[in-house]
Amino acid sequence: MMYAAAAAGVVVTMLMALVRALIGPNIYNRILAVNVFGTLSVMLIAIYGFVDGRPEFLDLAIVYALINFIGTIAVTKYVTFNDMGHGDDGDPAGDI
Amino acid sequence: MNIEIITSDLLEVATLVIMGITGLAIARIRNLFAVVMLSGIYSLMGATLYVILDAVDVAFTEAAVGAGASTVLMIGTLALTSDRELATPNARTVKGIFVCTLIFAALVYGSFDMPLYGDPLAPVHQHVAPRYLGESMGEIGLPNVVTSVLASYRGYDTMGETFVIFTAAVGVITLIGRARRKKSGKDGGSGS
């Protein structure tokens with residue numbers, strides 16, 4: 001029952017993030033909405049694992065969190081440099 | 001009906017509703033950056049739906065390819081082109097809706113031939129699945145049957161797939177290359 005309530009809370013929060021992604025007046029609202037959405041789907045998968053009695057889904061949720069991170073990095077790179085092939089400008093750390 | 005089944009059914013419905021809203025918004029919004037963001041949300045929701053439907057490996061692929069890689073590729077495309085979509089003439093939109101409705105009807109008609117979801121008598125549950133479910137724990141010893149099938153029963157197939165993907169990655173890296181590190185003036189040109 002508690003897991004069901006938690007899942008309901010996560011779904012309601014997802015809808016709120018979705019509204020922000022839809023009407024978001026500028027780019028930053030939308031980036032944040034997608035980031036929040038990724039985190040919420042990680043939580044939803046984790047909660048669903050406990051609802052279903054298979055907490056092994058936690059591993060999967062962690063991998064989702066990692067994947068979500070890559071997308072956010074790409075988006076912020078695009079917004080900052082307006083270019084995905086941004087060079088390293090002689091920085092010894094390369095394009096990291 | 002117990003609370004777990006109701007919860008997962010409601011979660012399926014909620015996931016599909018969110019995917020539907022996102023899909024309609026993708027069709028309506030003209031700002032392509034917002035469309036890329038929304039398609040990321042769509043993929044995340046799709047991956048969640050696959051987890052709820054117990055297709056964990058498909059969910060993994062959807063999250064990696066749909067939410068991860070294709071967002072990066074789409075953002076790269078936006079960097080090379082414009083992020084505004086031109087308005088489509090109404091006549092073409094009507095034709096598009098007509099074709100989509102036709103294909104939707106054909107797909108629904110085709111789905112009548114499929115066995116019901118979870119039907120134990122479906123052909124897919126009659127062939128090799130009982131053997132995998134019943135004996136893979138003794139034969140392979142992994143708790144996840146999908147992993148047993150991918151890594152052991154179809155081990156050569158998976159190895160071949162890995163070779164193909166590795167070869168593709170090597171080809172892409174050879175063609176596109178990596179940004180070369182520029183050496184600072186004094187020993188420039190000695191290596192790359």
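Since we're looking at a predicted model, the values are computed, not measured. Here is the naming used below: chain letters follow the sequence lines, and residue numbers restart at 1 for every chain. Side chains included, hydrogens not; waters and symmetry mates left out as well; all remaining heavy atoms used.
In this structure, chain A has no heavy atom under 4.5 Å from any part of B:Ala69. Contacts of B:Ile29 with chain A are made by side-chain atoms alone, with heavy-atom separations under 4.5 Å and no backbone atom involved. Contacts between B:Asp54 and chain A at a heavy-atom distance below 4.5 Å involve the side chain alone, from C-beta outward. Proximity to chain A is absent for every atom of B:Leu10, based on heavy atoms less than 4.5 angstrom apart. Neither the backbone nor the side chain of A:Leu40 comes within contact range of chain B, judged by heavy atoms closer than 4.5 Å.
At a heavy-atom cut-off of under 4.5 Å, chain B is reached by A:Ala4, A:Ala7, A:Val11 from residues 2-11 of chain A, listed in order of number.
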Could you list the donor-acceptor pairs under 3.5 angstrom formed between side-chain atoms of residues 154-165 of chain B and any protein atom two or more places apart in sequence or on another chain?
residue: B:Thr158; atom: OG1; partner: B:Leu150; partner atom: O; Å: 2.5
residue: B:Thr158; atom: OG1; partner: B:Arg154; partner atom: O; Å: 3.1
residue: B:Thr162; atom: OG1; partner: B:Thr158; partner atom: O; Å: 2.6

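Taking 4.5 Å as the limit, every side-chain heavy atom of A:Asp52 sits out of range of all side-chain heavy atoms of B:Ile52. Side-chain contact check for B:Met37 versus A:Val75: some heavy-atom pair is nearer than 4.5 Å. With contacts defined as side-chain heavy-atom distances shorter than 4.5 Å, the pair A:Phe37/B:Ile18 qualifies.
Residue B:Ile41 holds its CD1 atom at 7.5 Å from CG of A:Leu22, rounded to the nearest 0.5 Å. Between the CD1 atom of A:Ile73 and the CD1 atom of B:Ile75 there is a distance of 13.5 Å, given to the nearest 0.5 Å.
The shortest heavy-atom contact between A:Ile27 and B:Phe33 is CG2-CE2, 3.4 Å.
Ranked by heavy-atom pairs shorter than 4.5 Å toward chain B, the options A:Leu66, A:Val51, A:Leu15 are led by A:Val51.
The backbone N or O of B:Ala63 lies less than 3.5 Å from no partner atom in the side chain of A:Tyr64, so there is not a single donor-acceptor pair.
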